[in-house]
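Structure first, then comments.
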2 protein chains.
Amino acid sequence: MRRMTARPANAHQARLLKLLRDGGPSSRAQLGDRVDLSRSKLAVEVDRLLETGLVVADGLAASRGGRRSHNVRLAPGLRFLGVDIGATSVDVAVTNAELEVLGHLNQPMDVREGPVAVFEQVLAMAAKLRASGIAEGYDGAGIGVPGPVRFPEGVPVAPPIMPGWDGFPVREALSQELGCPVMVDNDVNLMAMGEQHAGVARSVGDFLCIKIGTGIGCGIVVGGEVHRGTTGSAGDIGHIQAVPDGRPCACGNRGCLEAHFSGAALARDALEAAQQGRSSELATRLEANGRLTAVDVAAAAAAGDPTALDLIRQGGTRTGQVIAGLVSFFNPGLVVIGGGVTGLGHTLLAAIRTQVYRQSLPLATGNLPIVLGELGPKAGVIGAARLISDHLFSPA
Amino acid sequence: MRRMTARPANAHQARLLKLLRDGGPSSRAQLGDRVDLSRSKLAVEVDRLLETGLVVADGLAASRGGRRSHNVRLAPGLRFLGVDIGATSVDVAVTNAELEVLGHLNQPMDVREGPVAVFEQVLAMAAKLRASGIAEGYDGAGIGVPGPVRFPEGVPVAPPIMPGWDGFPVREALSQELGCPVMVDNDVNLMAMGEQHAGVARSVGDFLCIKIGTGIGCGIVVGGEVHRGTTGSAGDIGHIQAVPDGRPCACGNRGCLEAHFSGAALARDALEAAQQGRSSELATRLEANGRLTAVDVAAAAAAGDPTALDLIRQGGTRTGQVIAGLVSFFNPGLVVIGGGVTGLGHTLLAAIRTQVYRQSLPLATGNLPIVLGELGPKAGVIGAARLISDHLFSPA
DNA sequence: CTGCTACGTTCCCCTCGAAACCAAATCGGC
DNA sequence: GCCGATTTGGTTTCGAGGGGAACGTAGCAG
């Protein structure tokens, strides 16, 4: 099929496209309720969108006591690619224009293999999804990388855990390969956008989204918009000091949060506990798999292993200490916990909550929900799709 | 004279008023360069503003090679009152419409005496300024209080250091007394607005403004706008844990930044040092005045007293630790240090800088100026005047 | 006096919003 | 079951408002 060529001609059309994306098929009347336009102007702009093909008629809606309305919807053939590059795995998904996930693949992969190898993988996965029949092509792609990004250019800058990517023109390269527009952002920001679009953070203006995976980061949403900071490194909380004179960290300092709690730190701690004979549960799993990850700790904790539970609680407490500071500072309306360690579930959440509620000001915590993300691994790819759709659904 | 009765009728007029406020007297052509309006529309709106009396003709400008332009300016008789209520003193200033300070008074006062007593004081100071002839009346007033504020209503909420103020209708009460519109905000936010308007933070979109006075707080500016948080307590960093299991704090926790460094903590430490005979310089000053404040420590440090220098350095290091975390999280383009302890000057600044540059990520600190505010005690009152002018120069 | 430049105003056309108007469905009464 | 009242959705008409360009005006330089 023909790929998306048109772009909204003005802010009104952009607004309408986003309403159709977020609200699904709608009548002109429904659109009119949500946008500040006269009915005549609205009709004109909808007609123009129909002409471009971005929007198509979608039949008559059921009557609600009067004349039935003619629904319109976004072109059903539009397809966005959402890519979430983690430290140790890649997620690729295809969505329609309403950002519903039509297909989703995950593959282990080491980001340190560099952009060329990773892109090969991503392109193969995108091709596989296309081959499965859910997409005839891609109208745009969003991609998240585990490090700071110079957002306007779509280029990673000084990413600690993916040194080979520094300055690599991710946006340009991927756009060339895929033949469609591409936007790049930090993976944590995309997770925040995902939970904002389709998860627990719907209708919350200011919130924090803590992603605990191999590393640890924080998406910051202010007034509905992602805050990226002056150099694109906002939310990089992994190297905030959690323990004075604590463990040495790869960054050169001591006591960084990430050195004390993260997927990587947890795996190290679990290994140590197993080898020192402090946990038979973990030792068994080590013997079975030859290595230990956060998943093993989660399983051991679920089986009631006290050492595993302790590791999780301690990590949660450390994380909670840092979050408590951020909550006092930022006064968010919601804190979302997500990322690979969500499997640790409510043990982790409870430890974090306890610490935050104890340490932050009552005024800031009084009405502050601290919850797990509800989209899991889909948050990142949905956020990525949302990123590119926000871009494409804006005036050219 | 007649007080300001008119308000801008639309967003264009609001924009023009703000341009005249920030840029001083201007010609229609100059305004046209800074606003996206046709020359015809611009002329119409300027004429309407002239009719309302908010704007007046200001003679002809010098020629720049062609026809001379007719300047316009904001009504010269407009007067704003800026009030900055600190924990231990009150600042009151009068500005013209361009927010230039025409008169400024400061008086010691304990905020814990409650709103009624403080208001009496403030009104007396406002009357004194008016009596001096610089104002015939006030067109609006901005007021800063040292605690969280429910911004839309202008009411303090659960302020720790001013318990008698909780829920007191500051905005309404003051508006009644002064007979003009009033806006209320946290004092730290106003300091940030002041430095943004007329100080070091001009033209910086994202910055932090750390105010170290009796307590310690932080104004957060995102995209040029003050971030107040969900419950108005954003920036309340005084109770972030700086020292695990550190000193007990009035808030019930231990190791809060404010318990280890602030005007109050510094005075306590200085007293202890003097009494323990660790500093003859401080002991002399204690004997002379019967008490010690941050000013004494500054003087002792200036005289080379090692204990005083040590106290400042240690405080700066503690503060720097917390700021380092905030910088990693927020990635600002500038950090401004202000408040009562600015007298400690570069000793303090150096300690803060050292700590932040050591602990934060290079990407976040690489191009990050950390500077002292340049407006001193005027920052708060200018910010207050700016707050009310922003309000009055917006469509009703 | 004659260009030249900059400033301000006038005129025309297009856009947009509000309201009247037209169309299509349900509901209720007989 | 028919018919009008009611409700909801969509279209047309009309007038105010705003942008662009042409035009008029005021100062400077030679």
Side-chain angles (χ1 to χ4, degrees), chain A residues 6-20 23-52 54-74 394-396, chain B residues 6-20 23-74 393-396:
Chain A
R7 290 277 290 275
N10 56 45
H12 298 316
Q13 292 184 11
R15 184 80 210 288
L16 292 172
L17 290 174
K18 285 175 187 163
L19 283 177
L20 288 171
S26 316
S27 68
R28 288 165 172 77
Q30 286 174 317
L31 292 173
D33 292 341
R34 288 176 213 154
V35 77
D36 195 27
L37 281 177
S38 68
R39 296 211 269 172
S40 43
K41 175 64 175 161
L42 180 76
V44 170
E45 296 298 353
V46 170
D47 285 345
R48 285 187 190 150
L49 285 173
L50 286 166
E51 269 174 41
T52 65
L54 284 174
V55 162
V56 298
D58 192 43
L60 288 166
S63 165
R64 298 182 316 172
R67 176 174 171 174
R68 294 167 66 191
S69 46
H70 295 248
N71 276 353
V72 292
R73 57 166 300 182
L74 291 170
S394 297
Chain B
R7 290 277 289 276
N10 56 45
H12 298 316
Q13 293 185 11
R15 185 80 210 288
L16 292 172
L17 290 175
K18 284 175 189 163
L19 283 177
L20 288 171
S26 317
S27 70
R28 288 166 173 75
Q30 285 173 318
L31 291 173
D33 292 341
R34 289 177 210 152
V35 76
D36 194 27
L37 280 176
S38 67
R39 295 211 269 175
S40 42
K41 176 64 175 164
L42 181 77
V44 170
E45 296 298 354
V46 170
D47 285 345
R48 284 186 191 153
L49 285 173
L50 285 166
E51 268 174 41
T52 65
L54 282 175
V55 161
V56 298
D58 192 43
L60 289 166
S63 167
R64 297 182 312 162
R67 174 175 174 177
R68 294 167 65 190
S69 46
H70 296 249
N71 276 352
V72 292
R73 56 167 300 182
L74 291 171
F393 291 169
S394 296

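Every chain is numbered from 1 and lettered A, B, ... according to where its sequence line falls, protein lines coming before strand lines.
Atom CD of B:Gln30 and atom P of C:dC7 are 8 Å apart (whole Å). When rounded to the nearest whole Å, the span between CD of A:Gln13 and C1' of C:dC16 equals 15 Å. Per the geometry, CZ belonging to B:Arg68 stands 12 Å off P belonging to C:dC7, to the nearest Å. As rounded to whole Å, 10 Å separates atom C1' of D:dG18 from atom CZ of B:Arg48. The separation between A:His70 atom NE2 and C:dA24 atom P is 8 Å, rounded to whole Å. Between the CG atom of A:Asp47 and the P atom of D:dT11 there is a distance of 7 Å, given to the nearest Å. The interatomic distance linking A:Asn71 (CG) with C:dA25 (P) rounds to 14 Å, in whole Å.
For the pair B:Ser26 and B:Arg34, the tightest heavy-atom approach, listed with the atom from each and the gap, is OG-NH1, 4.1 Å. The minimum heavy-atom distance linking A:Pro8 with A:Leu54 is given by the pair N-CD1, 4.3 Å. In this structure, A:Ser27 and A:Ser69 approach most closely via the heavy-atom pair CB-CB, 3.3 Å.
Salt-bridge check for A:Glu45 with A:Arg48: passed, with a basic side-chain N closer than 4.0 Å to an acidic carboxylate O. Residues A:Asp36 and A:Lys41 are not paired through a salt bridge, judged by the lack of any N-O separation under 4.0 Å between the basic side chain and the carboxylate.
Nearest-nucleotide mapping onto DNA chain C: of A:Leu60 and B:Arg28, the residue sitting toward the 5' end is B:Arg28.
Taking a 4.0 Å limit (strictly below) on heavy-atom distances, residues 34-45 of chain B reaches DNA chain D at B:Leu37, B:Ser38, B:Arg39, B:Ser40, B:Lys41.
Under 3.5 Å, the side chain of A:Arg67 and the base of D:dG9 form at least one donor-acceptor pair of N or O atoms.
Here the options are B:Leu74, B:Leu16, B:Leu20, B:Leu19, the test is side chain to side chain contact (heavy atoms under 4.5 Å, CB included), and the partner is B:Phe393; only B:Leu74 passes.
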